[in-house]
Amino acid sequence: MVDADLRRTRAVAFGRSGLSRFVPQTTVLNADDVARALKRMAHEIVEANSGLDDVIIIGLERGGVPIAQAIATALEQIEDRTVEFGTIDISFYRDDISTSPVLPEVTKMPYSVTEKHVVLCDDVLFTGRTVRSALDAVTDFGRPKSIQLAVMVDRGHRELPIRPDYVGKNLPTSRSESVRVSLDGVELGVTEAIEAGTRKDDL
Amino acid sequence: MKDLLTIADLGKDGIDEIMVTADAMAEVSARPIPKVPALRGKTVASMFFEDSTRTRTSFETAAKRLSADVLNFSASSSSVNKGESLRDTVETIEAMGVDAIIVRHRSSGAPRQVAQWAKASVLNAGDGWHAHPTQALLDAYTIRDEGRDFDGLNVAIVGDISHSRVARSNIEAFSTLGANVTLVAPPTLLPPHVEALEASVSHSLDAVLPETDVLYLLRMQHERMDQALVPSLHEYHRSFGLTPDRAKQLPASALIMHPGPMNRGIEISPEVIDDSRVRVLNQVANGVTVRMAVLYLVVGSNSGGGAL
């Protein structure tokens with residue numbers, strides 16, 4: 001099976017839009033900067049929650065998962081204990097599945113969220129629509145004591161009343177730009193269509 | 001892809017995308033509240049012009065787990081009995097505002113005809129002797145779910161190949177995925193141009209069993225007896241049924257599958273039904289999961305570009 005490859009791609013047979021490619025223009029943060037920002041965010045999470053009791057870290061597929069894992073690892077080092085960790089795919093909670101036919105990942109939620117402080121982690125906060133979907137998804141798994149939001153990059157242009165609690169980097173952008181985040185760094189660039197009819201992945 | 005009519009339309013990419021999506025749907029199905037809002041506000045009509053319990057309830061359960069509204073239509077209690085044509089019936093249902101139509105019909109090709117008339121997505125839930133693509137997809141998913149690699153997998157499909165839409169779709173799906181398919185049946189139950197199918201043929205189940213990784217038993221339809229295609233059901237069971245002795249010839253790691261409903265004592269001996277290799281109930285559970293994936297992908301990719 002070619003699942004591993006497929007998981008990184010958009011639907012082809014069931015896709016509505018062509019493929020697109022990110023073209024980097026400026027490096028905003030390098031790998032060390034990202035590591036430092038993640039460590040600082042981890043300290044802020046410990047401080048805000050007076051430790052890690054009842055804290056669960058949840059990464060949003062796909063970009064948020066490596067960020068969440070890095071934060072969870074940092075938290076475990078800071079407090080010298082294990083941290084509950086899960087991942088959520090918000091595909092089934094979107095208000096616009098047709099604009100971005102990405103194949104869903106398997107949600108992995110081995111822990112209850114009821115009476116927990118949930119820290120949602122994502123790579124980029126943009127319109128806020130992904131986070132809105134994620135709030136619906138999380139509450140399907142129980143009733144958390146609180147839900148907090150950690151993002152590596154806040155690029156502005158919110159369309160919903162959603163704000164982050166922990167931010168790696170505030171990055172003013174124009175709507176036409178794209179941001180790529182990984183543990184190797186943060187880059188600003190543009191997304192261009194490989195085939196005609198491509199729509200930009202805004203969320 | 002607006003419709004799901006045959007496995008050939010899907011190709012390998014389409015099958016793989018459904019399998020990957022079904023993994024995510026399996027997680028949803030395992031939740032305490034197995035329901036997500038993916039198709040909220042969408043209406044799915046199920047139009048069954050032929051009897052079915054498991055396919056119909058499976059599709060309905062799948063649609064409901066995705067929060068779609070389900071509109072039920074059964075030919076026996078409809079204006080079809082007053083002589084309404086298929087086209088008029090479909091146009092009437094579509095005028096009520098449906099996003100997907102699930103069609104089962106005794107005539108081969110009826111779903112494709114409906115797909116040409118309808119703007120809504122059409123899903124083939126079995127047409128005549130032609131195709132039953134969601135059955136093949138759930139069977140492929142069941143095998144994949146066991147961690148089996150299709151490349152070089154030996155699948156034996158046993159029984160009435162000639163009248164079986166399940167056989168036809170499964171041959172397409174399994175061979176597309178790279179399996180070696182062997183059809184096992186008496187000559188009277190093989191279709192006329194069997195050599196055109198992507199499968200080899202054997203008339204001896206005993207010869208095939210030791211090399212079989214997946215034994216797929218088809219339902220022996222009693223109505224075939226009238227046509228004298230087999231001497232008797234007892235005779236069929238003796239030559240092509242899975243008896244306890246034959247089960248011993250089958251490798252310990254093999255899987256035994258059946259699309260249901262099973263005829264105990266014909267395709268399979270009652271003693272073998274509880275064999276640990278039997279995956280019939282997994283097939284049923286996976287049916288819901290795979291149909292969730294199909295509905296999600298087909299309806300999602302047919303949405304008019306705007307907000308869902």
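What you see is a predicted model, and the numbers here were worked out from it, not measured in a lab. Just so it is clear: chains get the letters A, B, ... in the order the sequence lines come, proteins before strands, and each one is counted from 1.
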For [X], does the [atom1] atom have more than 12 heavy-atom neighbours from other residues, nucleotides or ligands under 6.0 Å away?
X        : atom1 : result
A:Lys169 : NZ    : no
B:Glu211 : CD    : no
A:Gln25  : CD    : yes
A:Leu160 : CG    : yes
A:Glu47  : CD    : no

Under 4.5 Å between any side-chain heavy atoms of B:Val20 and A:Glu105, yes or no?
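Heavy-atom side-chain distance check fails, nothing below 4.5 Å.
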Taking heavy atoms only and a threshold strictly under 4.5 Å, list by residue number the residues of residues 137-152 of chain A that touch chain B; give 'none' if the list is empty.
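Checking residues 137-152 of chain A against chain B gives A:Asp140, A:Phe141.
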Where does B:Lys35 contact chain A at under 4.5 Å (heavy atoms): side chain, backbone, both or neither?
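For B:Lys35, the contact with chain A is made by the backbone alone.
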How long is the straight-line distance from CG of B:Asp23 back to CG of A:Leu103, given to the nearest 0.5 Å?
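The distance works out to 11.0 Å.
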For the atom pair OG (B:Ser67) and CZ (A:Phe92), what is the distance rounded to the nearest 0.5 Å?
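Reported to 0.5 Å precision, the distance equals 11.5 Å.
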In this structure, which one of B:Val294, B:Asn302, B:Thr21, B:Leu10 forms a side-chain contact (heavy atoms from CB on, under 4.5 Å) with A:Phe14?
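Checked B:Val294, B:Asn302, B:Thr21, B:Leu10 against A:Phe14; only one passes side-chain contact (heavy atoms from CB on, under 4.5 Å): B:Leu10.
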